[in-house]
Number of protein chains: 2
Amino acid sequence: MESRIERIKKQLHSASYKLTPQREATVRVLLEHEEDHLSAEDVYLLVKEKAPEIGLATVYRTLELLNELKVVDKINFGDGVSRYDLRQEGAAHFHHHLVCIECGAVDEIQEDLLEDVEKVVERDWKFQVKDHRLTFHGICWRCQEKNGTEETKEESLEKQHVE
Amino acid sequence: MESRIERIKKQLHSASYKLTPQREATVRVLLEHEEDHLSAEDVYLLVKEKAPEIGLATVYRTLELLNELKVVDKINFGDGVSRYDLRQEGAAHFHHHLVCIECGAVDEIQEDLLEDVEKVVERDWKFQVKDHRLTFHGICWRCQEKNGTEETKEESLEKQHVE
DNA sequence: ATTGTAATGATTTTATTTTGCAACTTCCTC
DNA sequence: GAGGAAGTTGCAAAATAAAATCATTACAAT
């Protein structure tokens with residue numbers, strides 16, 4: 001965790017930006033919620049708990065900056081808001097998402113499934129792929145179980161998703 | 001064209017909605033600009049040419065309705081606006097997009113490239129895929145040619161991208 | 001210490017999208 | 001046809017997200 005912040009700090013420096021306390025607090029929130037897909041507003045509220053004096057504009061600026069540096073990716077699941085998702089360190093491409101249309105859960109796939117598809121696109125469409133966005137919409141394994149069987153205690157204990 | 005409107009009309013009716021003149025005008029605009037990726041505002045301005053009395057709110061409501069019926073898909077390429085894209089008739093899945101980071105052009109891929117990937121997702125993640133969104137970001141063939149004529153390949157590979 | 005530059009926070013502005021509501025059509029039933 | 005419910009419309013207002021503005025502050029390099 002600390003070392004990751006160190007590396008992000010270096011990334012900022014090499015683009016001649018500074019890791020200010022506000023920016024560090026923002027990055028920490030992102031690291032601590034790596035599984036989630038926070039909106040700018042979400043990040044703002046969480047950062048505010050640690051650094052109450054921070055302004056929303058700074059959060060927006062920081063997120064935009066991190067986006068430029070490819071530390072985070074800005075995504076959009078169709079609701080109006082942009083969400084910010086940490087990139088895996090060293091990942092050449094953005095990871096994929098599974099959005100459950102029943103419970104709203106968003107799971108991530110870090111594996112790159114598109115190597116072959118990208119080759120086809122480069123060859124057949126002469127399109128030089130730099131990055132991609134792939135999201136599947138469907139039913140997650142939790143909802144499939146929930147629907148298929150009567151719910152057991154263990155299953156309901158595992159349930160943690162809110163809309 | 002007329003028959004397509006007829007079929008959309010039937011789709012509306014079967015969900016107990018009506019194809020009002022305003023809705024028909026909106027659908028016609030979408031059909032006439034199938035290649036483009038119009039924003040709600042774009043659609044509004046185009047519909048207004050045929051039916052000047054239409055209100056922007058109606059266009060929004062119509063597009064939302066068509067989205068629910070899976071006649072159009074609402075997409076978002078990262079700029080703030082939602083765009084509305086006609087689905088191919090009978091297409092089980094949404095088509096893909098190639099967004100050029102140099103000239104901003106958006107091309108479509110109707111072919112379904114994801115069959116294999118979806119199988120993997122269903123098997124390995126137990127995720128029942130209903131739909132997908134796939135967008136590639138990169139350099140379109142036009143920009144590659146344009147770059148190639150004025151500079152060597154190495155130069156164009158080195159070129160940095162700003163804003 | 002002084003200066004120049006970058007960064008910040010509060011506020012305002014812009015843009016997009018949604019909602020509330022009264023008026024207006026449709027399409028039934030009588 | 002008259003009456004009525006339901007769906008639809010246009011306008012205006014409101015809600016929302018994001019970006020821009022700007023005076024103030026922090027900080028590194030003199």
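Excluded from the calculations below are hydrogen atoms, water molecules and symmetry mates; all remaining heavy atoms, backbone and side chain alike, are included. Naming convention: chains lettered A, B, ... in sequence-line order (proteins, then strands); numbering from 1 in each chain.
Although no hydrogens or angles enter the test, the distance criterion places a donor-acceptor pair under 3.5 Å between the side chain of A/D112 and the main chain of A/L114. Between the side chain of A/Q144 and the backbone N or O of B/K126, at least one donor-acceptor pair lies under 3.5 Å. At distances below 3.5 Å, not a single donor-acceptor pair connects side-chain atoms of A/S16 with backbone N or O atoms of A/H13.
Taking 4.5 Å as the limit, some side-chain heavy atom of A/V29 sits within range of a side-chain heavy atom of A/H33.
Residues of residues 78-87 of chain B that place a heavy atom closer than 4.0 Å to DNA chain C, in numerical order, are B/V81, B/S82. Within residues 22-35 of chain A, the residues having any heavy atom closer than 4.0 Å to DNA chain C are, in order of number, A/Q22, A/R23. A heavy-atom distance below 4.0 Å to DNA chain D is reached by none of the residues of residues 38-45 of chain B. If you check residues 47-57 of chain A against DNA chain C, the residues with a heavy atom closer than 4.0 Å are A/E53, A/I54, A/G55, A/A57, listed by number.
Separating the OH atom in B/Y84 from the OG atom in B/S39 is a distance of 9.0 Å, to the nearest 0.5 Å. How far CG of A/L63 is from CZ of A/R23: 11.0 Å, rounded to the nearest 0.5 Å.
Within the helix from C/dA1-D/dT30 to C/dC30-D/dG1, the inter-axis angle between the opening and closing five-pair segments is 20°, rounded to 10°.
B/L134 and B/W125 fall within a single hydrophobic cluster, where Ile, Leu, Val, Met, Phe, Trp and Tyr side chains are chained together by heavy-atom contacts under 4.5 Å. Both B/V27 and B/L45 are part of a single hydrophobic cluster, where members link through side-chain heavy atoms under 4.5 Å apart. B/V117 and B/V129 fall within the same hydrophobic cluster, where Ile, Leu, Val, Met, Phe, Trp and Tyr residues are linked whenever their side-chain heavy atoms come under 4.5 Å apart, directly or through other members. When hydrophobic clusters are built by joining Ile, Leu, Val, Met, Phe, Trp and Tyr residues whose side-chain heavy atoms come closer than 4.5 Å, directly or via intermediates, A/I139 is not grouped with A/F136. A continuous path of hydrophobic side-chain contacts links B/V43 to B/I5 [ILVMFWY only; heavy atoms under 4.5 Å].
A centroid separation of 6.0 Å or more is found between the aromatic rings of A/H132 and B/H137. For A/H97 and A/F77, the ring centers are positioned less than 6.0 Å apart.
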Expected list for residues 50-61 of chain A: side-chain donor-acceptor pairs under 3.5 angstrom, two or more places apart:
from  : atom 1 : to    : atom 2 : distance (Å)
A/K50 : NZ     : A/E32 : OE1    : 3.3
A/K50 : NZ     : A/E32 : OE2    : 2.9

In residues 99-108 of chain A, what donor-acceptor pairs under 3.5 Å come from side-chain atoms, sequence neighbours left out?
from   : atom 1 : to     : atom 2 : distance (Å)
A/E102 : OE2    : A/N147 : ND2    : 2.9
A/D107 : OD1    : A/R142 : NH2    : 3.4
A/D107 : OD2    : A/R142 : NH2    : 2.9
A/E108 : OE1    : A/Q110 : NE2    : 3.0
A/E108 : OE2    : A/H37  : NE2    : 2.9
A/E108 : OE2    : A/H95  : NE2    : 3.4

Give each protein N/O atom lying under 3.5 Å from an N/O atom of nucleotides 22-30 of chain D, with the pair distance.
none

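In terms of phosphate contacts, B/S16 brings no side-chain nitrogen or oxygen within less than 4.0 Å of OP1 or OP2 of D/dG7. Regarding contacts with the backbone of D/dG10, a side-chain N or O of B/T58 is found under 4.0 angstrom from either OP1 or OP2.
When the side-chain contact (heavy atoms from CB on, under 4.5 Å) test is applied to A/R7, the partners found at least two apart in sequence or on another chain are A/S3, A/R4, A/E89. Considering only residues two or more places apart in sequence or on other chains, B/L12 meets the side-chain contact (heavy atoms from CB on, under 4.5 Å) condition with B/I8, B/Y17, B/L19, B/L65, B/L69.
Close approach of DNA chain C to chain A, defined as any atom under 4.0 Å from a non-hydrogen atom of the protein, starts and stops at C/dA7 to C/dA10.
Distance CD (B/E64) to C1' (D/dG7): 15 Å, rounded to an integer number of Å. Put simply, CD1 on A/I75 is 16 Å from C1' on D/dA17, counting in whole angstrom units. What separates CZ of A/F77 from P of D/dA17 is a distance of 16 Å, to the nearest Å.
Nearest approach of A/D85 to A/D36, heavy atoms of both residues: OD1-O, 4.0 Å. Of all heavy-atom pairs spanning A/V72 and A/N67, the tightest one is O-OD1, 3.2 Å.
Evaluation of the salt bridge (charged side-chain N to carboxylate O under 4.0 Å, His left out) test over residues 62-74 of chain B, restricted to residues two or more places apart or in two chains, returns B/D73-B/R87, B/D73-B/R133.
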